[in-house]
There are 2 protein chains.
Amino acid sequence: MAVAGKYQELAAAMARLVETELAPGDQFPTVPELAERFGVHRNTASRAVQHLKEQGLLSGKGGGKTWVRVPPAPTVRRNTRYQEEKDLVLRPEAERRSCGVAEWESGISLTTVYEDTARHDVVDAPDWVAEILEIEPGAKVLRRTRTRRHRKGAGASCSVSYLPYELASRNPELFDESRDPWPGGTMHQLHTLGIEVDRIEDHVTASMPTDEEVAEQDIPPGVPVLRDLKITYATSGRAVEVAALPFPADRAKLVFVTPLERWS
Amino acid sequence: MAVAGKYQELAAAMARLVETELAPGDQFPTVPELAERFGVHRNTASRAVQHLKEQGLLSGKGGGKTWVRVPPAPTVRRNTRYQEEKDLVLRPEAERRSCGVAEWESGISLTTVYEDTARHDVVDAPDWVAEILEIEPGAKVLRRTRTRRHRKGAGASCSVSYLPYELASRNPELFDESRDPWPGGTMHQLHTLGIEVDRIEDHVTASMPTDEEVAEQDIPPGVPVLRDLKITYATSGRAVEVAALPFPADRAKLVFVTPLERWS
DNA sequence: GAGTGGTCTAGACCACTGT
DNA sequence: CAGTGGTCTAGACCACTCC
């Protein structure tokens, strides 16, 4: 059993303090106060506070005050939605518009969305994208970046998707940022290109947020990011879209249902 | 753009050093050497090394030397295997035995497995298990804990599964630890209880390893853990098994294929 | 027992926040 | 501008590993 450093025990004591005396949103004692209260040096107290921030229990930027973190509303994303989205494609636009596909795609309730911006570019395909889409490395692709910011430091998300330019160019409307979010979602967009979707593959991994993600979004450092690489295949067998979807793991859950054939 | 601390720039410089001058498995310079080389204090160099250990680039315990980490062999776990496993249930035992279900379940190649131990207990159901299995909180369940250790500090894994005691008790062989791993896997075990599996749900999240997991397994601190809560449903609609499967995220990828109905 | 990584105290400095 | 969190240097001590 490794002997825990003093700051780790301190952090545990502070965590108990949070549970017993404080409520989410409360201001946390300052570092000097904590140092005196626990009889340690200011540095040690500061380290313990950092540790708890990394664990997602406290929040606050350097220079500002420290707060007991308000745990984010948990969100769920289910793969059963794929079939529902496909069924929706053949329905009239009014119905498509009311079904919140974009909301589901980001895994975030629209009621908490503060700002939603889309950016569309035509760029050279990164190697990993070219490999999946089976196009030549550096071939043109339509890259669509969607950023969502939320109220009250509840986080943000930034997803990127790639379509082969050669496919997307059949429908110029897809390049228009102002048409985003598209009623009916990506599945309907592909339909306008004459593409029927055969299956979706979700490749799920996790990793720590990059320094960029920590800085630009409100992901607490120390909270991992679930990364879903979503690949859409057409009935022709070809991969027609790749999307990289990051979900801060302290609020997201991905649910995949795999139905099995009956023996009968 | 937040100004990076000196130790972060230092860590970046060291990372470049790893990429250019060193190979995986090489010994990394000691902290005093690094301090002199980069003209900083020993403490700062030590912190940068810690940072890189948390990123998984370096490895080594306190007191021992530091090494350039050998990246673990990536493993993939696909939900398409569920159907294959179900098909296997009706095949003869010899065939079942040769198909490496247990290997797939852990997401780890058997060639790297060093030790494999199983422990079976009858315990009171934890609340979250009782809720999923729709049994009374505290009702008896068969808990099966499987631990795999690997060579060369490549990590370990520890999965837990729960079956309602009332179901499992129909087949006493399920309580026998020496019969693990069971040829054909859980799906065949359920078959011996007269249960046909209707569908599997995988609930995927991620979080940091607990202090226990870091200590007892060889997960580098800072590497997140993909957590798959796998729920098996019988054709009766009832949840018959819950399993908690942790995958160190620096080597695991979960792939979920969702086939969609054709319009035709 | 020498060397190593890790941590604590101490004092100083900096950037940023809030008022 | 005062207060706050964060970091660097400095020196010391400890537990552990390796020989």
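Within every chain, numbering begins at 1; the chains are lettered A, B, ... in the order of the sequence lines, protein sequences first and strands thereafter. Heavy atoms only: backbone and side chains are in, while hydrogens, waters and symmetry mates are out.
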Restricting to side-chain hydrogen bond (donor to acceptor under 3.5 Å, both in side chains), what partner residues turn up for [X], sequence neighbours left out?
{"X": "A:N43", "answer": "none"}
{"X": "A:K140", "answer": "A:D124"}
{"X": "B:Q50", "answer": "none"}

**Item:** salt bridge (charged side-chain N to carboxylate O under 4.0 Å, His left out) partners of A:R47, counting only residues at least two apart
**Value:**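 Counting only residues at least two positions away or on another chain, A:R47 forms no salt bridge (charged side-chain N to carboxylate O under 4.0 Å, His left out).
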**Request:** Sequence neighbours left out, what passes salt bridge (charged side-chain N to carboxylate O under 4.0 Å, His left out) with A:R119? Give chain and number order.
**Result:**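 Checked A:R119 against salt bridge (charged side-chain N to carboxylate O under 4.0 Å, His left out); matches are A:D121.
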Atom pair distance, as rounded to whole Å: [atom1] in [X] and [atom2] in [N]:
{"X": "B:E9", "N": "D:dT7", "atom1": "CD", "atom2": "P", "answer": "13 Å"}
{"X": "B:H51", "N": "C:dG5", "atom1": "NE2", "atom2": "C1'", "answer": "18 Å"}
{"X": "A:L58", "N": "D:dT4", "atom1": "CG", "atom2": "P", "answer": "16 Å"}
{"X": "B:Q50", "N": "D:dT7", "atom1": "CD", "atom2": "C1'", "answer": "14 Å"}

Please produce a list of atom pairs where a protein N or O lies less than 3.5 Å from an N or O of nucleotides 17-19 of chain D.
| residue | atom | partner | partner atom | Å |
| --- | --- | --- | --- | --- |
| D:dT17 | O4' | B:G63 | O | 3.3 |

**Stretch residues 22-46 of chain B: residues that reach within less than 4.0 Å of DNA chain D through a heavy atom** =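 Listed by number, they are B:V40, B:H41, B:R42, B:N43, B:T44.
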**Request:** Indicate yes or no: does A:E36 engage A:R42 in a salt bridge with an N to O separation below 4.0 Å.
**Result:**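 No, this pair does not count.
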**Request:** Give a yes/no answer on whether the side chain of A:Y7 brings an N or O atom under 4.0 Å of OP1 or OP2 in C:dT7.
**Result:**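 Yes, A:Y7 has a side-chain N/O under 4.0 Å of OP1/OP2 on C:dT7.
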**Request:** Considering just the side-chain nitrogens and oxygens of B:K53, establish if one lies under 4.0 Å of OP1 or OP2 belonging to C:dG6.
**Result:**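 Indeed, a polar side-chain atom of B:K53 lies that close.
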Pairs of donor and acceptor atoms involving the side chains of residues 12-35 of chain B, under 3.5 Å and at least two apart or interchain, shall be tabulated with distances.
| residue | atom | partner | partner atom | Å |
| --- | --- | --- | --- | --- |
| B:T20 | OG1 | B:R16 | O | 3.1 |
| B:T20 | OG1 | B:L17 | O | 3.4 |
| B:D26 | OD2 | B:A23 | N | 2.9 |
| B:T30 | OG1 | B:E33 | N | 3.4 |
| B:E33 | OE1 | B:T30 | N | 3.3 |

**Those residues that, when tested against A:W67, pass ring pair (Phe, Tyr, Trp, His ring centres under 6.0 Å) (two or more places apart)** =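 Testing A:W67 for ring pair (Phe, Tyr, Trp, His ring centres under 6.0 Å), a comparison that skips the adjacent residues, returns none.
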